[in-house]
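The structure is given below, and queries will be raised subsequently.
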Amino acid sequence: MSKKHFETEAIRTQIERTEFLEHSAPLYLSSSFVFEDAEDMRASFAEEKDRNLYSRFTNPNTTEFVDKICKMEGAEAGYAFATGMSAVFSTFAALLNSGDHVVSARSVFGSTHALFTKFLPKWNIETSYFKVDEVASIEKLIQPNTKILFAETPTNPAVDVLDLEFLGEIAKKHNLILIIDNCFATPYLQKPIDFGAHIVVHSATKLIDGQGRVLGGVAVGPKDLIREIYLFSRNTGPALSPFNAWVLSKSLETLAVRVDRHCENALKVAEFLESHSNVNFVKYPFLKSHPQYEVAKKQMKQGGSIVAFEIKGGVEAGREFLNAIKMCSLSANLGDTRTIVTHPASTTHSKLSEEDRLEVGISDGLVRVSVGLENVEDIIEDLKQALR
Ligand SMILES: *Cc1c(COP(=O)(O)O)cnc(C)c1O
């Protein structure tokens, strides 16, 4: 079949029908698969046959989910994980050796930061950080043993944007593996591989599920690198469960329509906040005031679902704002149908020093809004009354 459009692939990529001719792909809750005879079993374990053996390796539901993400991201192969963090960790663990070096943006997901600073050093792997507004300094950080260049864009929680084309050029020039965490944008809005990324990782827990139900992760990229990640993972066991794969594959069928509405609502919320007198500034990639607006326009189809803003009055005002929220949820997740507000300085990032927080763009009054799919007038009404 010729290549179809994004939405069509998301709906029509499906594992083979069984003899029951079901319309919607069934759930294969089976830990293992059977063999015809000793020779079939031998050939299967020798990987002479492309088939399912055991669900820690592959399962029809995870295969369908991975196939869809590969088509969406324009990647050759992939592997699905129990969580976004197991995708990130297994990718690094599979591709790095003791003594290797990583260069990464400083603004990364909290647990990814913990991986770089607390765990990879146990295996003699060091990471050098660059600030999101100092990408020109990246080349100075590259050493002879640097193997991976890593970034997220847009970043969490400050919604900064990194230039993927620029990162792709640096990776190419220095022969580095460029890994992009594409969680905030989703492949519907941004395709890092088009700009030179080798591997794309996702927390499927966020917009891919989109309804706050299951955890999941995925890594996609070229066959040879994914093969290494697969061999590491089939032995160490971070596999996605078939049930969660089934849920996530169904979710992908509606990714485009959901993300369209998330973006439409988020832009309206961002414009409302920008006009409010109790707000110092708003960060949303598709607002003209965003410092990387031109980069965002170049690499993203729309601005995404996350809006950050600084409330006047610092930490206390941020806490009061959360207490005044009536409808929106106070929760750690994002990319849900339900709008979620968080105040990083008093919660997720409260253990950091003020200096460290400012380095990743978290001022005392910064509030992150994961704009959901409720009617946007109700979302704005809640934010408006809380800002009062
Ligand atoms: C949530 C998140 C992760 C981790 O994903 P889990 O599914 O929670 O393990 C990684 N990267 C980013 C950008 C995230 O937002």
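Residue numbers start at 1 and run along the sequence shown. In listed order, ligands and their atoms are each counted from 1. Worth saying up front: this structure is predicted, and the values here are computed from it rather than measured.
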The protein heavy atom nearest to atom 8 (O) of ligand 1 is Ser203 OG, 4.2 Å
Glu152 with Lys206: basic N within carboxylate O range, under 4.0 Å: no
What I want to know is whether Met85 and ligand 1 share at least one N or O pair that is separated by under 3.5 angstrom.
yes
- Task: Apply the test salt bridge (charged side-chain N to carboxylate O under 4.0 Å, His left out) to residues Arg234 and Glu47: give CA-CA distance (whole Å), side-chain angles for both, the deciding distance (0.1 Å), then the verdict.
- Result: CA-CA 13 Å; Arg234 79 176 237 176; Glu47 292 190 66; 3.7 Å; yes
Nearest non-hydrogen protein atom to atom 1 (C) of ligand 1, with distance, is Lys206 NZ, 1.4 Å
Under 4.0 Å from one or more heavy atoms of Gly84, ligand 1 contributes atoms 5 (O), 6 (P), 7 (O), 9 (O)
heavy-atom search around atom 13 (C) of ligand 1 in the protein gives Asp181 OD2, 3.4 Å
Taking only non-hydrogen atoms of Phe184 and a 4.0 Å limit, the atoms of ligand 1 in range are 15 (O)
So the atoms of ligand 1 within less than 4.0 Å of a heavy atom of Glu152 turn out to be 13 (C)
Please lay out, stage by stage, how Arg368 and Asn156 fare under the test side chain to side chain donor-acceptor pair (under 3.5 Å).
CA-CA 9 Å; Arg368 186 190 78 187; Asn156 182 27; 2.7 Å; yes
Open item on the list: Using the rule given for side chain to side chain contact (heavy atoms under 4.5 Å, CB included), can you reason through Leu373 versus His262, listing the C-alpha separation, both sets of side-chain angles and the distance that settles it, and then say yes or no?
Closed with: CA-CA 6 Å; Leu373 301 181; His262 275 290; 3.6 Å; yes
From the list Leu167, Ile170, Ile193, side chain to side chain contact (heavy atoms under 4.5 Å, CB included) partner of Leu178 resolves to Leu167
Once the angle between the rings of Phe6 and Tyr188 is folded into 0 to 90°, is it parallel (under 30°), tilted (30 to 60°) or perpendicular (over 60°)? tilted
For the 3.5 Å polar cut-off, considering only N or O atoms, please tell me whether Thr205 and ligand 1 meet it.
yes
Residue, atom and distance of the protein heavy atom nearest atom 4 (C) of ligand 1 read Phe109 CE2, 3.4 Å
Worksheet item: Purely on distance, is any nitrogen or oxygen of Leu334 under 3.5 Å from one on ligand 1?
Response: no
is_close_aromatic(His290, Phe286), centroid dist under 6.0 Å: no
